[in-house]
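Down below is the structure, laid out as structure tokens.
What's counted below: heavy atoms across the whole structure, side chains too, no hydrogens, waters or symmetry copies. Counting convention: from 1, in listed order, for ligands and their atoms alike.
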Amino acid sequence: MLYRYLILLIIFSQFSCNNKKPIRGVVSENAMVVTAREEASKIGIEILKKGGNAFDAMVATELALAVAYPYAGNIGGGGFMVYRKNNGDTGALDYREKAPLGATKDMYLDINGDVIKGLSTVGGLAVGVPGTVAGMFEVYEKFGSLPIEEIFEPVIKLALKGVIVTKKQEARLKQYYPQINNQNTFWDGEREKEFEKAKLWMKTWKENDTIKYPALANTLKKIMQNGKKEFYEGETAKKLVNFIQKNGGIITMEDLELYKPKWRDPIVFEYDDLKIISMSPPSSGGICLEQIMKMINPFDLESYGHNSVDYIKVLVEAERRAYADRSFYLGDPDFNEIPYKEITSQKYLSDRMNGFSFSTPTLSKDLNPGSINISESNETTHYSILDQFGNSVSATTTLNGAYGSKLYSDELGFFLNNEMDDFSSKPGVPNMFGLIGAKANSIEPGKRMLSSMTPTIIEKNNELYMVLGTPGGSTIITSVLQNILNVHEFGMTMQEAVNAARFHHQWLPDVVLFETTGFNKSVVDKLEKDGYKTYFDSSKISSKVEGILVLNDGKIEGGADKRGDDKAIGF
Ligand code: DON
């Protein structure tokens, strides 16, 4: 009797282990908006409920993030967007910042040719010409359907009413007050000057306080009334240039007047039965993702198991090779001939993986960017939108570092980016994400700095399947990759895929970075034993994935990253 009872117990426990109830995110019938803050998701979804499309919702959501999530949401930065319309048409918009016309290759170097610490990350000289406002008008003019007032007004209302400080926001602000409150100085040619102090951020904001943004509301109102000209030629432009120059920057009215976003062809490739549509240069995201996915495709990842030793090795080795190529070949396509066909050909990538072995790592010092025959010739935020008509938008927008250059204009109500640090200040010297670069990503006037942002849309059987992306600097590409594989190879729900522990490798430095929780000790021990250097620091994998998955029954699942205050809202 006891024996039979034990057998039944074993069978039951196995049954319940194998049938763990999946953790689903928010599931809805018609539409979904997933962003880093509830306030922004709400504004986006309300636009859709009013009958607006994904592009109307994009503009409202992007602006709402500038209010509700000043850490990264912005009108003083830039971004990238990949879209897929309900008829299957796809495209991409580049509203990335540009180097000012006065920028020079050596602008961050001292007389000995060494990089001056902080110059490309804090203060006026770190600021690239912002692209967000022009990007939003570009989207609206091409695809928008609602009157512009209906898009701007809820955002202006939010700025006036204010946004409640979350616990995580309190902690972030605490970390950055010293820099925002300008203990920084710059040399104006004659004397050392302090950056202007931002009154809004002199107060120590606590959880549950409400921060109101009347200056930002005023700027947004003027932009709504006068269009993008307000930001690039009008009163706002003049005040902005004055503010940047007073704080050591070199952006002029001409820089603003000349700024134009660009429609680009997205990177499109296949992985099994998936069609991946992702961002093209000047982001490295799509090309690196394509290289990595083509290098790992011949391996039976599913059989290795999620986050197993062999799985991690295959991904790390492919990432090593792709990031080495990134450092050398990728930059602004308007300034460089990018050998896209060559570095994404299956033959080149198979050759590149030839040295791979499960027993010994390839050392990054022994691995250079691949050689080809060229035939002639610490912040960002992502949001994903699917509307009730079947149009989808995947957009990643950034100030670069947390609160960008830390320069905040009290008069205009927003932070300015420090995107100039995404250029390679000096060949071989790492930027704030440890990424190195070469000539392709050197500073030139009017050039766009190389990005890792990877807004992505995926089709399966010609139908929309996923919409996803994330912030996280250099870890963006590897986080998007793991999220896709979590769903496709390991059958996770979007929420489980987003929640799953992540690791990252980027060629240099030659270490594999892990989130501190969620990895099996025996897996890590084995990797170390086999010669992989490991490093645990969740804060260095600052990705927060916002994903949408179309389920078999046609319903939509939104997965918002549990690592932040992120929120999926559907209807
Ligand atoms: O464009 C890029 O790749 C970077 N400026 C992104 C910065 C970022 O994701 C910061 N977030 N943690």
Side-chain angles (χ1 to χ4, degrees), residues 35-36 65 69-74 76-82 92-99 120-122 126-132 135 168 172 175-176 278-289 322-323 326-327 330-332 378-383 394-406 415-425 430-437 441 447-456 468-480 502 504 506 513 515 537-546 561 563-566:
T35 82
L65 283 165
Y69 194 57
Y71 185 56
N74 66 83
F80 295 103
M81 177 269 256
V82 171
L93 182 68
D94 161 3
Y95 52 105
R96 179 74 160 167
E97 300 91 324
K98 281 181 155 197
S120 66
T121 53
V122 184
V127 183
V129 183
T132 298
K168 286 179 179 146
R172 276 195 304 266
Q175 188 184 345
Y176 290 102
S278 192
M279 194 62 219
S280 42
S283 182
S284 61
I287 292 185
C288 280
L289 192 64
Y323 277 79
R326 177 195 193 279
S327 74
L330 303 188
D332 184 345
N378 282 339
E379 192 52 39
T380 304
T381 188
H382 178 88
Y383 53 93
S394 180
T396 316
T397 178
T398 189
L399 288 166
N400 194 25
Y403 307 103
S405 61
K406 318 293 186 274
F415 280 104
L416 286 152
N417 71 81
N418 60 350
E419 220 71 57
M420 290 296 285
D421 188 64
D422 272 347
F423 278 118
S424 165
S425 293
N431 74 354
M432 64 189 263
F433 298 109
L435 291 166
I436 62 166
N441 191 32
K447 186 174 175 181
R448 287 174 157 100
M449 51 300 275
L450 184 63
S451 172
S452 302
M453 291 191 274
T454 315
T456 299
L468 79 166
T470 178
S474 56
T475 69
I476 291 175
I477 303 165
T478 56
S479 297
V480 169
R502 297 176 195 135
H504 169 75
Q506 61 179 46
L513 188 60
E515 284 191 300
D537 186 346
S538 295
S539 74
K540 290 219 155 45
I541 303 191
S542 51
S543 47
K544 291 185 192 66
V545 178
E546 319 292 3
D561 207 308
R563 295 160 182 83
D565 296 317
D566 312 39

**Part of D422 within contact of ligand 1 (heavy atoms, under 4.0 Å)** = side chain
**Message:** Could you check whether any heavy atom of R96 sits closer than 4.0 Å to an atom of ligand 1, since that is the contact criterion I want to use?
**Reply:** yes
**Request:** Please state which part of E419 comes within less than 4.0 Å of ligand 1, counting heavy atoms only: side chain, backbone, both or neither.
**Result:** side chain
**Message:** Tell me whether S394 contacts the main-chain N or O of T456 through its side chain, where contact means a donor paired with an acceptor under 3.5 Å.
**Reply:** yes
**Prompt:** In terms of atom number and element, which parts of ligand 1 are under 4.0 angstrom from non-hydrogen atoms of S452?
**Reply:** 1 (O), 2 (C), 3 (O)
**Request:** For Y95, check ring pair (Phe, Tyr, Trp, His ring centres under 6.0 Å) against everything at least two apart and list the hits.
**Result:** none
**Complete:** Here the atoms of ligand 1 under 4.0 Å from any heavy atom belonging to I476 are 9 (O)
**Message:** Only heavy atoms of F433, strictly under 4.0 Å: list the atoms of ligand 1 that pass.
**Reply:** 7 (C), 8 (C), 10 (C)
**Prompt:** Parallel, tilted or perpendicular for Y403 and Y71, by the 30°/60° rule?
**Reply:** perpendicular
**Prompt:** Looking at ligand 1, does any of its N/O atoms fall within less than 3.5 Å of an N/O of G472?
**Reply:** yes
**Fill in**
One finds that the ligand 1 atoms under 4.0 Å from a non-hydrogen atom of M453 are 1 (O), 3 (O)
**Fill in**
With R96 as partner, the option from D332, D422, T398 fulfilling side chain to side chain donor-acceptor pair (under 3.5 Å) is D422
**Request:** Indicate the ring-plane relationship of Y323 and H504, choosing parallel, tilted or perpendicular according to the 30° and 60° boundaries.
**Result:** perpendicular
**Message:** List the residues meeting salt bridge (charged side-chain N to carboxylate O under 4.0 Å, His left out) with D94, not counting sequence neighbours, and say none if there are none.
**Reply:** R264, R448
